[in-house]
Amino acid sequence: MPELPEVETIARALRQGGRGGAPILGQVICEARLLWERTLAEPDPQTFLQRLPGQEVVDIGRRGKFLVINLSADSLLIHLRMSGDLRVEPAYDSAGQPVPDQPHDRMVIHFDGSPESRLRLAFNDTRKFGRVWLVPTPEIVLGQLGPEPFDADFTEEEFFRRLQRVNRQIKPLLLDQRFVAGLGNIYADEALHAAGIHPLRSSASLSAGEAARLWAAIREALSEGIRRNGASFDWVYRGGEFQNYFRVYQREGQPCPRCGTPIVKITVGQRGTHFCPVCQTTDF
C-alpha cells in the first residue's frame, strides 16, 4: 500500500492537478533537499542534489507501483512502499514566509517561480520504507518488472500461459512484481474473490476458464480502484474512496456480498488474506 490505483491517482494529480495540489508538468527544479538521506536509493546524495536543479518536468507516469517523473535529463522514480505520499503545495504562505516542512517529510523539491507562484513537491513517509531514484533511464530500476495488467500484450491467453509455467500459490504469485506489476494485497484479495478462486490454489491448477475469470477480475478491480481514486484508510494515503466498496479486504467476520458467509482472514506468504470460504473453495 499504495498499489497501482493509488499510484496512478497520484501520477494523474501531478500531471493535471488534484488531491489539493497544482500540476507540476513544465515546472523547472531550482532546489532539492533531503531530510532523510536513506530515502535516496540512487545516486549518492551529493550527486542527487547537484543534478536536479535546472531540470524540467517533461512527463509523469507510472510503472507497476513506481511513480515515474521524467525530467529533461534524468528520470526521478519514487516507490511509496507502505506509507509514502506526495504533496504539491505553495512554497510560500500568504505572508511571504517559506512553508514549513511537515513531520515525516523526507525529501522536498522546489520549483522556479516568484514567491507568489512558486511550488514545492514534498515526499512524506511516516515509516521510512519509501525510496527515491534519480537515474538516466527508468529501465535501470524497472527492467525486472512483469507486464502491466492493462497492456495490450497481456491477454487472458498470455496470463494463462504464465500461470501454467509456475506452480505457486496464486495469492503470493499475484503479489510478485516480476509476474505482474502493480498488484498488492488489497486488489489481489478483491480480484480473487470476484473470480471465485481460493488464495491457496496452485497457479498451475487453474483451468483456462478460471484464468480468464481472474484476468478479467484483476483488471476490473484495478479499474474500479482508479475510478474511485484508490483506497484510503488509517493514516495511509489520502483522498480515495475505494475502501467503501471492498468485497473482502479488511472485512473479516462481515458477510460475503455474494453468499452472506462471514469473510475469513488467514495468513498467506506472511500477508493477511481475506476470502469467502464458500465462494472461494480449494476444490478444483
Side-chain angles (χ1 to χ4, degrees), residues 1-9 11-12 61-65 145-231 240-251 255-261 263-264 266 268-269 271 273-284:
M1 178 68 184
E3 303 177 24
L4 187 156
E6 290 76 36
V7 179
E8 182 66 33
T9 300
R12 182 176 60 201
R62 177 200 54 77
R63 178 74 169 97
K65 300 179 187 180
L145 291 180
E148 288 284 320
F150 297 112
D151 277 357
D153 292 339
F154 188 60
T155 62
E156 42 189 284
E157 293 81 12
E158 172 61 18
F159 182 53
F160 179 58
R161 284 192 290 269
R162 293 174 68 84
L163 290 171
Q164 296 300 300
R165 286 200 291 262
V166 293
N167 188 24
R168 294 177 56 188
Q169 291 176 335
I170 188 63
K171 170 69 183 286
L173 181 61
L174 292 179
L175 299 184
D176 186 339
Q177 299 301 293
R178 296 167 298 180
F179 181 77
V180 59
L183 276 176
N185 219 28
I186 295 174
Y187 297 93
D189 280 2
E190 294 294 291
L192 286 168
H193 179 266
I197 295 171
H198 194 285
L200 295 179
R201 282 280 300 273
S202 162
S203 58
S205 76
L206 267 63
S207 67
E210 289 174 317
R213 289 204 314 270
L214 181 55
W215 175 85
I218 289 170
R219 291 162 66 104
E220 175 59 30
L222 293 173
S223 295
E224 184 68 6
I226 293 170
R227 190 171 77 83
R228 301 199 180 276
N229 298 318
E241 57 180 35
F242 187 56
Q243 68 278 3
N244 300 319
Y245 302 90
F246 287 162
R247 303 168 66 96
V248 291
Y249 186 76
Q250 287 201 334
R251 297 189 66 244
C256 168
R258 182 181 291 144
C259 73
T261 302
I263 299 299
V264 171
I266 60 174
V268 179
R271 304 298 297 274
T273 297
H274 304 79
F275 70 101
C276 171
V278 171
C279 294
Q280 299 167 260
T281 70
T282 54
D283 298 331
F284 57 94

Could you walk me through whether L214 and F159 pass side-chain contact (heavy atoms from CB on, under 4.5 Å), step by step?
-> CA-CA 9 Å; L214 181 55; F159 182 53; 3.9 Å; yes

Pair F246 and F242, ring centroids less than 6.0 Å apart | yes

Report yes if the side chains of V180 and L145 come closer than 4.5 Å at any heavy-atom pair, otherwise no.
-> no

Taking the side chain as every heavy atom from C-beta outward, state whether T281 and H198 have any atom pair closer than 4.5 Å.
-> no

Greater than 12 external heavy atoms within 6.0 Å of D153's CG | no

Side chain proximity check, P199 to Q169, heavy atoms < 4.5 angstrom = no

R228 and E224 ion-paired at < 4.0 Å | yes

Side-chain contact test, heavy atoms from C-beta onward, threshold under 4.5 Å: evaluate it for V264 versus H274 and give yes or no.
-> no

Rounded to the nearest 0.5 Å, how far apart are SG of C279 and CD1 of I197?
-> 12.5 Å

Salt bridge between E156 and R162, side-chain N to carboxylate O under 4.0 Å?
-> no

G64 backbone acceptor or donor facing Q177 side chain under 3.5 Å | no

Would you mind reporting whether I186 and Q250 have side-chain heavy atoms less than 4.5 Å apart?
-> no

Checking V268, V248, L174 against D189 for side chain to side chain contact (heavy atoms under 4.5 Å, CB included), the one that qualifies is V248

Do L200 and F275 have side chains that get closer than 4.5 Å, going by heavy atoms?
-> no

Out of H193, R247, R251, which residue meets the side chain to side chain contact (heavy atoms under 4.5 Å, CB included) rule with C256?
-> H193

pair R12-N229: side-chain heavy atoms closer than 4.5 Å = yes

From R161 atom CZ to T155 atom OG1, the distance as rounded to the nearest 0.5 Å | 5.5 Å

Once you round to the nearest 0.5 Å, how far does CZ of R178 lie from CG of L173?
-> 10.0 Å

Let me see the working for E6 and K65 under salt bridge (charged side-chain N to carboxylate O under 4.0 Å, His left out), right down to the final yes or no.
-> CA-CA 9 Å; E6 290 76 36; K65 300 179 187 180; over 6 Å; no

Are a donor atom and an acceptor atom from the side chains of E190 and Y245 found within less than 3.5 Å of each other?
-> no

Contact check, side chains of N185 and Y249, non-hydrogen atoms, under 4.5 Å | yes

